[in-house]
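No hydrogens, no waters, no symmetry mates; every other heavy atom, side chains included, goes into these values. By convention in this document, chain letters (A, B, ...) are assigned in the order of the sequence lines, proteins followed by strands, and residues within each chain are numbered from 1.
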Protein chains: 2
Amino acid sequence: MYAQGMHSSAATSDYTGYALCRGLDRRASSQVVTMASTQRLQAGQQLFGEGDRADGIYEVASGIVRLYKLLPDGRRQIIGFLSDGHLLGLAHRENYVHTAEAVTPVTLHRYSRAGFDRLLDEVPSLARRLLSATSDELRAAQDQMLLLGRKSACEKIASFLLTIASLQGEDGDADEVQVPMARCDIADYLGLTVETVSRTLAKLKQDEIIELPTPNRVALVDRDRLEDLAAGECA
Amino acid sequence: MYAQGMHSSAATSDYTGYALCRGLDRRASSQVVTMASTQRLQAGQQLFGEGDRADGIYEVASGIVRLYKLLPDGRRQIIGFLSDGHLLGLAHRENYVHTAEAVTPVTLHRYSRAGFDRLLDEVPSLARRLLSATSDELRAAQDQMLLLGRKSACEKIASFLLTIASLQGEDGDADEVQVPMARCDIADYLGLTVETVSRTLAKLKQDEIIELPTPNRVALVDRDRLEDLAAGECA
DNA sequence: ACCAAATGTGACAATCTGTGACACGCGTAA
DNA sequence: TTACGCGTGTCACAGATTGTCACATTTGGT
């Protein structure tokens, strides 16, 4: 899923783009920025693959990254879309246990694992903040389990659209959302096929709940109805 | 899911049953034990409900606890079974976001939220360990997303049985496992119905992959085949 | 302007669900 | 100790939702 990234809607600072600095003092923030290197990816480019040695921790500065796991026959489950403020690579041990790829052009800050561990030693409050951020990710994952295990295709799409809207709106909710992911990405995130995603969007359009000005933009016409669907309150 | 709890197969210590003490020095361990109170639940009894105020953090000392989320119409998704060594209630903010109930008779250690926060202040290394434990839970949740979103009923059941076996065996793998959960719990954990769980177990028995001496015990007869199924390597 | 990729649609199949009936086992009461 | 009731588990049959396959249309990039 995507939980809210590790940023807050606070005033800008000298370390905009370094969400890891949030809440740290000036000296610690300087350490963070010094040890970070910047990396850019094109859309579709892989950051790391499942099984690769987990020697880096990354922070999304801009763009969208997809995380996924694969089955041997190619079945793919996307386990999260990450936007700015999110960390990648923190929860791994020796090797990465999923793959990370750019959905859009992406800018990342990279921290070596060794450097990151030293930082944790030197800045004790950082572990508290990472614990909080990882807990946010865990709660989002648990919400997604409910969606994957129990919701119908229509409820899944409704939930997805509302989640995206809640992250794009200035005041928390947008009436029209930009959906940068392809239909096959949405399908692999919701445990559906592309055809079902397409058919379900068409049905919601037919029921005048949404509009699709272009394939990558969705207007939420009947938000109340969408919220009822997402909450599982309709047949 | 259940990730491994916060215990290791190390030597016993004076604080057996207090997995939170693992890795702490004697003074910190004494603090933990002093602030903990013990709580016992009968099978089926609720520990906390979704929406309740999150004022306690719990550690499972013995028994099994199920965590679940509900939809308004009663659809339930179990998001994890926790055994000894696991913490509950850590990832929540103001209110619990899921429900916790005892599957078997359970003994827990309870820490108040306020006391727990003070402990984190006084024992900096604790946050590192909790970060590690929460990361384990997050990885397990991501594995479960792959299962819920992409695996067939048979692959789900095979995965479930192997997971249980890997936690019950002395050397990591048991040939016969105890399944203390009811069929409806297994169903709600795997995103299936009780009938499908029952049919799938019957099919695996018919194919001589497992045996069911009693409904709560499963003998893994053809472990290689089960592992292939769980990994998604068969039709 | 062209082409490839993405999206959308229709027909049919498959997997899982839903329902009803029945069997079995366990716990409690007599 | 025995019998009964209830909860759990199993099974058969029918239905529904989603997947699969093939093809048409649209969109975006060069």
Side-chain angles (χ1 to χ4, degrees), chain A residues 42-44 66 71 73-77 103-105 147-158 160-161 178-207 210-218 229 232 234-235, chain B residues 42-44 66 71 73-77 103-105 147-158 160-161 178-207 210-218 229 232 234-235:
Chain A
Q42 296 179 334
R66 62 175 165 249
L71 287 169
D73 61 2
R75 279 178 281 164
R76 179 179 79 158
Q77 179 64 40
V103 173
T104 66
L147 179 149
L148 286 171
R150 286 295 174 231
K151 287 187 176 181
S152 67
C154 207
E155 292 168 341
K156 286 174 169 177
I157 296 285
F160 177 73
L161 293 177
Q178 191 83 353
V179 182
M181 310 88 172
R183 294 295 188 261
C184 59
D185 280 355
I186 300 175
D188 287 351
Y189 179 56
L190 301 178
L192 303 169
T193 61
V194 283
E195 290 88 357
T196 303
V197 171
S198 189
R199 283 190 203 107
T200 309
L201 287 169
K203 176 105 175 43
L204 291 172
K205 179 179 168 187
Q206 180 186 23
D207 293 343
I210 64 171
E211 271 174 18
L212 298 167
T214 77
N216 292 112
R217 290 163 69 226
V218 183
L229 277 171
C234 315
Chain B
Q42 296 180 334
R66 62 179 164 245
L71 287 169
D73 61 2
R75 278 178 280 164
R76 179 179 78 160
Q77 179 64 41
V103 174
T104 65
L147 178 149
L148 287 171
R150 286 296 175 227
K151 288 186 174 180
S152 67
C154 209
E155 293 168 341
K156 286 174 168 176
I157 295 285
F160 176 73
L161 294 177
Q178 191 82 349
V179 181
M181 310 88 172
R183 293 295 187 259
C184 60
D185 280 355
I186 300 174
D188 288 352
Y189 179 57
L190 301 178
L192 304 168
T193 60
V194 283
E195 290 83 2
T196 303
V197 172
S198 187
R199 281 185 210 110
T200 308
L201 287 170
K203 177 94 169 54
L204 291 173
K205 180 181 169 187
Q206 182 187 22
D207 294 343
I210 65 171
E211 272 174 16
L212 299 167
T214 77
N216 293 112
R217 286 163 71 230
V218 182
L229 277 171
C234 315

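Following rounding to the nearest Å, A/Ile186 (CD1) and C/dG8 (C1') show an atom-to-atom distance of 14 Å. Separating the CD1 atom of B/Ile157 from the P atom of C/dC16 is a distance of 10 Å, rounded to the nearest angstrom. Regarding B/Leu212, its CG atom lies at a distance of 18 Å from the P atom of D/dT8, rounded to whole Å. Counting to the nearest Å, the C1' atom of D/dT17 and the NZ atom of A/Lys203 are 13 Å from each other. In this entry the distance linking CE of A/Met181 with P of C/dA6 reads 16 Å, nearest Å. Between the CD1 atom of A/Ile210 and the C1' atom of C/dG8 there is a distance of 14 Å, rounded to whole Å. Put simply, CZ on A/Arg150 is 10 Å from C1' on C/dT17, counting in whole angstrom units. In this entry the distance linking CG of A/Asn216 with C1' of C/dA5 reads 13 Å, nearest Å.
Looking at A/Arg150, its side chain never comes within 3.5 Å of a backbone N or O of B/Arg75 through a donor-acceptor pair. Checking side-chain atoms of B/Ser198 against main-chain N and O of B/Val194 turns up no donor-acceptor pair under 3.5 Å.
Side-chain atoms of B/Thr200 and B/Lys156, non-hydrogen and from C-beta on, never get closer than 4.5 Å to each other. A/Arg66 places none of its side-chain heavy atoms less than 4.5 Å from the side chain of A/Asp188. Proximity of B/Leu147 to B/Phe160: side-chain heavy atoms (C-beta onward) are nowhere separated by under 4.5 Å. Counting heavy atoms from C-beta outward, B/Lys151 and B/Ile157 have side chains that stay 4.5 Å or more apart.
Within residues 192-202 of chain B, the residues that place at least one heavy atom under 4.0 Å from DNA chain D are, in residue-number order, B/Glu195, B/Ser198, B/Arg199, B/Ala202.
Residue order along DNA chain C, read from the 5' end via each residue's closest nucleotide, puts A/Pro215 first among A/Pro215 and B/Ser152. Both A/Ala153 and B/Ala182 sit near DNA chain D, but only B/Ala182 has its closest nucleotide nearer the 5' end.
If one axis is set at each end of the helix from C/dA1-D/dT30 to C/dA30-D/dT1 from five pairs, those axes are 50° apart, to 10°.
Enclosure of atom CD in A/Glu211 is not indicated, since only 12 or fewer non-hydrogen atoms of other residues, nucleotides or ligands lie within 6.0 angstrom.
Across all non-hydrogen atoms, the minimal contact from B/Cys154 to B/Leu204 is SG-CD2, 3.8 Å. Taking both residues in full, the closest heavy atoms of A/Ala187 and A/Thr193 are given as CB-C, 3.5 Å, listed atom of the first, atom of the second, then distance.
At a threshold of 4.0 angstrom between heavy atoms, the contacts of A/Thr214 with the nucleic acid are absent.
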